[in-house]
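As the structure lists them, so they are numbered: ligands from 1, and atoms in each ligand from 1.
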Amino acid sequence: MQEKKKEGLIRHVGFSFHSTPEELEEILNAHPQVEFVQLQINYADWENPAVQSRQCYETARRHGKPVIIMEPVKGGMLATPPESVAEILKMAEPEHSVASWAVRFAADLEGVITVLSGMSNIAQMKDNLSYMKEFHGLADSQKETLAQAQEELKKIPLIPCTTCNYCAKVCPMNIGISGSFTAMNYLTLYRDRGMAKHQEEWLVGGHGQKHADECIKCGKCEEACPQHIKIRENLEKVKESLLCHAV
Ligand code: SF4
Ligand code: SF4
């Protein structure tokens, strides 16, 4: 890429990133010439241990890298967040769409050069343009509204899996435990079974692991889990909710 840059075929070199802040740190230390980083950032994943948006963002900024944001609306999910969250946003600004809060949260972060928002139709594009054309940042009261929305999200009972994958190291069946739980949390939050099922297929089967219904209930994973999660019980729920239902 650096050669192509010298030839004038590439103007700026950067990369999109889907892993831990530790790994990002390592990459940026090894490749200081990189000019930007593209990260998955949205207000729902800001402190999500499975995504670590905030820590990845802070790592990129510590290295002085401009950030491009992907998934600001979390694949469209933050256009229809849990009802209690939507209520907070609607009450604060009835004239603005719920999705607009997600895009504005991303655009407000210091050092962001672009927010990539996938749009499926002209109405969504018009909505995006209505508040981003002359966006000058969020007011303190708007930041407070988003903080309330984040707090509301935290009240929704999720499986507290941090995707540390210690369990995976001891599971004799190679069950995709953390992937199953990420998909289950997705279902709890966004009630979209089709998407959650798709996520489970990708995170588990797509990574060469076995599905929750192949667990032999030996319990070894629970001894290794620092979060003391009742893994067997939760895998049963995954089985019932994501593996037994036709979509
Ligand atoms: S209980 Fe299931 S998931 Fe846990 S280690 Fe045993 S086979 Fe793997
Ligand atoms: S050990 Fe516990 S917290 Fe870590 S990935 Fe497994 S279930 Fe999640």
Point to revise | Carboxylate-amine/guanidinium contact Glu236 Arg232, below 4.0 Å | key: no
Review point. What's the verdict on side chain to side chain contact (heavy atoms under 4.5 Å, CB included) for Leu189 and Leu158, showing C-alpha distance, side-chain angles and the deciding distance?
Key: CA-CA 8 Å; Leu189 278 170; Leu158 302 176; 3.9 Å; yes
Exercise for review: Take atom CD of Gln2 as the centre, draw a 6.0 Å sphere, and report whether it contains more than 12 heavy atoms from other residues, nucleotides or ligands.
Suggested key: yes
Exercise for review: Output all residues satisfying salt bridge (charged side-chain N to carboxylate O under 4.0 Å, His left out) with Glu144, sequence neighbours left out; order by chain, then residue number.
Suggested key: none
Practice item. Look at atom 4 (Fe) of ligand 2 and say which protein heavy atom is nearest, naming residue and atom and giving the distance to 0.1 Å. Key: Cys164 SG, 2.3 Å
Review point. Are there more than 12 heavy atoms of other residues, nucleotides or ligands under 6.0 Å from atom CD1 of Ile122?
Key: no
Point to revise | For atom 8 (Fe) of ligand 2, the option (of Cys225, Ala224, Cys161) bearing the nearest heavy atom | key: Cys161
Point to revise | salt bridge (charged side-chain N to carboxylate O under 4.0 Å, His left out) partners for Glu26, two or more places apart | key: none
**Study point:** Nearby protein N/O/S atoms (those under 2.8 Å) for atom 4 (Fe) of ligand 1, with water ignored
**Key:** Cys221 SG
Practice item. Number the atoms of ligand 2 from 1 as they appear, then name those within less than 4.0 Å of a heavy atom of Gln227, with their elements. Key: 3 (S)
Check your understanding: His96 vs Tyr131 aromatic rings, parallel, tilted or perpendicular, using cut-offs 30° and 60°?
Key -> perpendicular
Practice item. May I ask whether Ile216 and Ile177 are part of the same hydrophobic cluster, defined by side-chain heavy atoms of I, L, V, M, F, W, Y residues being less than 4.5 angstrom apart, directly or through others? Key: yes
Review point. With a cut-off of 4.0 Å, which atoms of ligand 1 are near a heavy atom of Pro172?
Key: 5 (S)
Review point. Nearest protein heavy atom to atom 5 (S) of ligand 2, by residue and atom, and its distance?
Key: Asn165 N, 3.1 Å
Check your understanding: Does some non-hydrogen atom of Pro226 fall short of 4.0 Å from ligand 2?
Key -> yes
Exercise for review: Among residues two or more places apart or on two chains, list those pairs meeting salt bridge (Lys or Arg N to Asp or Glu O under 4.0 Å) that have a residue in residues 110-139.
Suggested key: Arg61-Glu110
